[in-house]
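To keep things clear, I will list the structure first and then write my remarks on it.
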Amino acid sequence: MSDDQSTRAFAKLQSPPPLNNIQFYDGYVPTLPDGTYTIGLKYTLTPPDTSEVQSPSYTKSQKFTIQGPEFTLDPAVIDTIYPPHGGNHKYDHDLPFVVLKDPSLPWERSLVPDAEPQEGHTPLSWMALLLLAKDDIIMPTGTDNPVTTTTVNDFLAADSSGKTLKPTLPSGWVSSDLDKSQCQTITIPGTVFNKVMPTKDDLAYLAHCRAVNTADEGGQLLSVILGNRLAVAAQSPVRYYAHLISLEGYADYLGPNGTAIPTQTGASELMNVQLASLFNWSFVSQPETGLSFKALLRRLIKSEKANKGLLCLSIPQGSTPPEEVTARLKEGYAPLTFNAAGARDQSFAWYRGPFSAVMPQALPNVGEEQTPVLQAKNADALMIYLEAQGIFDLSYAVAWNYGRSLALSDAVFAQDLCAYRKKAHSTTTKLAQRLSMGRLSNQPLDRLTAHDVVTQYFTSQMVNGLGNKISAAMNAGGPVAAAASRPAKVTPQDVLEMTDASTVLTDATSELQSSVVHWLARLRRLSLLPFSCLVPDPRMLPVESIRFFYLDPTWLNALTAGAFSVGIHGSADAEIQSKLLPALMSAVQSEEKTLYSRTYSNGAAGTGKVSGLLIRSQLISAWPKLVVSATSGGAPVNVIRNDCLAPNVRLCLFDGIPDTVSLAEPYHGLQFGIEDNGIVLRNITTAGSIGAQTNATPVNPSYRDTSSGIIDVAATAQSLATALSTSTIGSGDFALQMVKALEMKLFPSSTN
């Protein structure tokens with residue numbers, strides 16, 4: 001079955017869902033169910049004069065059979081299964097399901113062979129999805145695989161030993177060709193059949209259709225079979241086997257008030273039941289080993305209120321430090337041991353990494369020459385002495401040293417940076433030499449970098465009549481013209497002071513620039529820095545905490561200046577760098593954007609300011625693909641970086657200052673199951689908000705066997721209908737109520 005079937009069925013819908021929407025239906029019943037049909041054709045010839053000749057007529061009939069899958073299923077018809085095959089996770093709140101590409105498959109056959117469909121009613125599905133634990137299945141001798149391959153004939157033949165119940169089908173129901181084909185079967189005890197098999201009332205809710213309309217895949221109409229059992233694992237992992245089985249021939253044994261399973265011949269035990277397995281897979285369900293997503297979020301919310309969620313040290317209760325100290329701590333500084341050169345006694349200095357608890361202020365240019373921070377020549381130039389306190393603030397000096405150390409430790413980058421500067425030096429020298437040549441002194445700088453500039457100049461002069469002038473002078477035989485005065489010598493310093501020098505040097509070094517730019521972009525994204533540099537004191541980020549901050553651009557500039565210092569040996573190097581810096585930093589900023597973790601076409605405009613958050617929690621180790629997003633004024637904010645720095649630590653940087661940040665479970669497709677507090681009701685009546693969660697009290701499901709996780713589907717559906725103030729609901733409505741919502745929390749938080 002190809003995907004075209006689901007696409008064609010979607011196109012036939014009278015009111016398909018709009019783009020990026022999903023809609024549930026009770027079913028998609030085929031126009032012609034399985035069976036044998038006859039097409040009749042009658043053709044009558046009418047002569048011009050019917051008074052003398054009788055009109056002859058001809059008839060022809062042709063029988064044809066519509067036969068869908070019955071004992072086997074093409075694996076290509078399977079679109080999605082859940083839990084995934086081989087999965088190993090906590091699934092005790094999830095209902096297994098299988099999505100089929102054929103939207104009408106669950107209703108193509110009749111649960112009762114040859115039964116006429118009831119007018120106005122969606123027929124019951126002839127398929128069911130059973131979830132069986134290992135002890136629920138009779139394993140063939142010598143194997144742990146519950147599936148047996150046999151022929152349809154052997155599967156339908158009565159068991160001569162009287163131990164196994166087979167499906168009861170009408171005589172001649174199966175064709176001879178199909179009778180010889182192979183199928184897969186499983187066998188379960190009669191007691192397990194009675195325990196796990198959905199009743200006829202349950203089947204009315206366990207199959208539905210789903211219309212999906214997305215930009216990537218277009219419109220599709222798919223069918224879905226839900227299981228009626230949760231994969232419970234109380235204290236140890238449990239392997240479960242999911243089997244999509246055929247119910248044909250077993251309708252009489254399905255409750256309520258069904259025929260009892262007979263006992264085995266000569267024994268008191270119920271007969272075993274053999275079922276056709278159309279598709280199967282297995283997975284392992286793990287027991288609850290830690291706190292739930294919601295419980296871990298509550299911990300983060302509680303920790304957020306300690307410092308209002310800001311990345312800074314807490315002031316111990318009962319202590320009253322000086323006002324200056326309190327202010328520094330609230331801004332995100334930490335007092336660290338400081339050993340001054342030549343000093344015998346240890347002191348302390350203030351240090352703050354790139355993360356600030358308050359909006360960082362721009363640092364004035366440094367030194368007597370008022371050099372920008374980005375061009376600071378050494379770390380000492382960035383030391384800040386707090387005269388009133390007699391203490392140093394070494395934040396930017398440390399950043400400079402980190403940048404230099406990281407650049408020196410990366411031999412490839414150091415070599416690339418030196419080659420980059422060397423190319424700029426040679427280009428500057430070449431320009432100075434050629435500008436000192438009288439004939440070339442009036443040429444634009446961008447032309448003077450060409451290796452054949454003299455040839456180009458001579459050619460242009462010839463085109464402009466130089467040859468004619470030479471010939472005329474030679475024919476005239478006059479005196480030789482006096483030599484032109486020698487032009488003034490142009491130095492590399494003169495070249496650097498020219499208006500378009502920066503552009504020419506940037507073009508000349510473009511081939512060597514890309515590797516330098518990429519390394520600097522990663523550096524400014526803080527990808528190369530140790531965590532202790534970012535968070536100097538672990539008490540700023542205690543266990544089970546979330547902290548917000550602003551990124552200090554001056555700190556980044558000091559870090560970058562330290563990296564730039566590699567290979568600067570004199571004033572000429574510094575001068576070259578100052579000319580290259582504007583274009584280089586523009587390229588670095590562009591490269592940083594290509595490294596963004598996520599960008600949005602409809603995102604909020606960047607403000608030039610960067611903020612972020614740090615999380616240290618079991619939430620990160622349990623959900624390493626935690627979804628972190630932010631909005632500003634309702635528009636999504638681009639995510640600069642979103643990485644796990646350690647198994648339980650996540651760092652996110654945002655391009656702007658969002659007003660809302662959300663943490664959510666990773667999206668894993670549409671799932672069905674029970675929430676921690678029951679089934680959260682969804683609207684099924686109000687146009688425009690169908691499917692939205694309501695504020696009504698969640699409904700607790702009804703169980704046929706609580707310890708085994710087997711749900712009484714019909715009773716649960718009735719409880720849902722009552723809670724939704726309607727007399728009854730269909731399978732589409734039931735599926736909508738059973739959709740599991742992703743857990744999500746918005747920050748800033750106003751609740752516990």
Side-chain angles (χ1 to χ4, degrees), residues 81-85 87-98 127-139 144 146-147 165 186-207 225-245 247 250 253-256 258 260-261 269-275 277 280-289 292 671-679 699-720 734 737-738 740:
I81 58 173
Y82 188 84
H85 177 56
N88 192 330
H89 195 58
K90 186 174 74 69
Y91 300 115
D92 62 338
H93 281 50
D94 300 332
L95 284 177
F97 64 87
V98 56
M127 314 163 80
L129 181 60
L130 296 187
L131 189 61
L132 302 166
K134 184 176 182 180
D135 294 339
D136 294 332
I137 308 179
I138 298 175
M139 296 289 180
D144 286 336
V147 176
L165 182 66
I186 59 171
T187 303
I188 61 176
T191 53
V192 173
F193 182 95
N194 291 335
K195 182 177 74 171
V196 304
M197 192 65 67
T199 66
K200 291 180 181 177
D201 290 343
D202 293 342
L203 288 175
Y205 302 101
L206 293 178
I225 305 292
L226 291 179
N228 66 335
R229 184 179 187 179
L230 303 173
V232 175
Q235 297 179 346
S236 59
V238 177
R239 174 167 293 280
Y240 281 97
Y241 300 87
H243 286 267
L244 183 64
I245 56 103
L247 295 174
Y250 287 110
Y253 300 100
L254 301 179
I261 300 291
E269 295 88 356
L270 296 182
M271 294 181 70
N272 302 323
V273 181
Q274 191 173 8
L275 302 163
S277 178
N280 62 85
W281 73 96
S282 68
F283 60 91
V284 174
S285 183
Q286 295 285 349
E288 183 74 68
T289 56
S292 66
Q671 293 185 5
F672 303 90
I674 312 298
E675 306 288 353
D676 290 339
N677 56 343
I679 303 172
V699 172
N700 291 320
S702 300
Y703 289 93
R704 284 164 51 184
D705 187 334
T706 304
S707 61
S708 299
I710 301 172
I711 296 175
D712 187 332
V713 176
T716 301
Q718 186 55 53
S719 297
L720 290 170
F734 178 78
Q737 303 306 317
M738 300 303 292
K740 285 193 67 177

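What you see below is based on every heavy atom in this structure, not just the backbone, and it leaves out hydrogens, waters and symmetry mates. Throughout, numbering of the chain's residues begins at 1 and tracks the sequence.
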Using the test ring-ring contact (aromatic ring centres under 6.0 Å, His included), find all partners of Tyr91 that sit at least two apart in sequence or belong to another chain. Tyr82, His89, Phe283

Distance in Å, Asn272 CG paired with Thr191 OG1, rounded so as to fall on 0.5 Å steps: 8.5 Å

Can you tell me how far apart OH (Tyr250) and CG (Leu275) are? Round to the nearest 0.5 Å. 5.0 Å

For Ile225 and Ala207 the tightest heavy-atom approach is CD1-CB, 3.7 Å

The criterion is side-chain contact (heavy atoms from CB on, under 4.5 Å); which residues satisfy it with Thr706, sequence neighbours excluded? Tyr703

Side chains of Ile138 and Pro189: closer than 4.5 Å at any heavy-atom pair? yes

The side-chain contact (heavy atoms from CB on, under 4.5 Å) partners of Asn280 (sequence neighbours excluded) come to Val147, Gln184, His243, Ser277

Distance in Å, Ile137 CD1 paired with Leu132 CG, rounded so as to fall on 0.5 Å steps: 4.5 Å

Rounded to the nearest 0.5 Å, the CG atom of Asn194 sits from the CG atom of Leu254 at a distance of 10.0 Å

Thr716 and Ser702: which non-hydrogen atoms are nearest, and at how many Å? OG1-N, 3.0 Å

Between Ala717 and Phe734, which heavy-atom pair has the shortest distance, and what is it? CB-CD1, 4.0 Å

With side chain to side chain contact (heavy atoms under 4.5 Å, CB included) as the criterion, how do Arg704 and Asp202 come out once you've worked through the C-alpha distance, each side chain's angles and the decisive distance to 0.1 Å? CA-CA 12 Å; Arg704 284 164 51 184; Asp202 293 342; 3.4 Å; yes

Please round to the nearest 0.5 Å and tell me the distance separating atom OG1 of Thr187 and atom CE of Met139. 11.0 Å

Compare all side-chain heavy atoms of Met197 with those of Leu247 and state whether any distance is below 4.5 angstrom. yes

Can you tell if the side chain of Tyr253 reaches within under 4.5 Å of the side chain of Leu165, non-hydrogen atoms only? yes

pair Leu129-Pro96: side-chain heavy atoms closer than 4.5 Å: yes

Working to the nearest 0.5 angstrom, can you tell me the gap between Met738 CE and Leu206 CG? 9.5 Å

Note: Gly255 and Thr199 closest approach over all heavy atoms is O-CB, 3.1 Å

For Phe672, which residues count as a ring-ring contact (aromatic ring centres under 6.0 Å, His included) partner, sequence neighbours excluded? Phe97, His208

Considering only distance and modelled atom types, tabulate donor-acceptor pairs under 3.5 Å from the side chains of residues 227-239, sequence neighbours left out.
| residue | atom | partner | partner atom | Å |
| --- | --- | --- | --- | --- |
| Asn228 | ND2 | Val196 | O | 3.1 |
| Arg229 | NE | Ser708 | O | 3.0 |
| Arg229 | NH1 | Leu131 | O | 2.8 |
| Arg229 | NH1 | Asp136 | OD2 | 2.9 |
| Arg229 | NH2 | Asp136 | OD2 | 3.4 |
| Arg239 | NH1 | Ser282 | OG | 3.1 |

By side-chain hydrogen bond (donor to acceptor under 3.5 Å, both in side chains), which residues pair with Asp676, not counting sequence neighbours? His93

I'd like to know if the side chain of Asn700 reaches the main chain of Gly678, judged simply by a donor and an acceptor atom lying under 3.5 Å from each other, with no hydrogens or angles considered. no

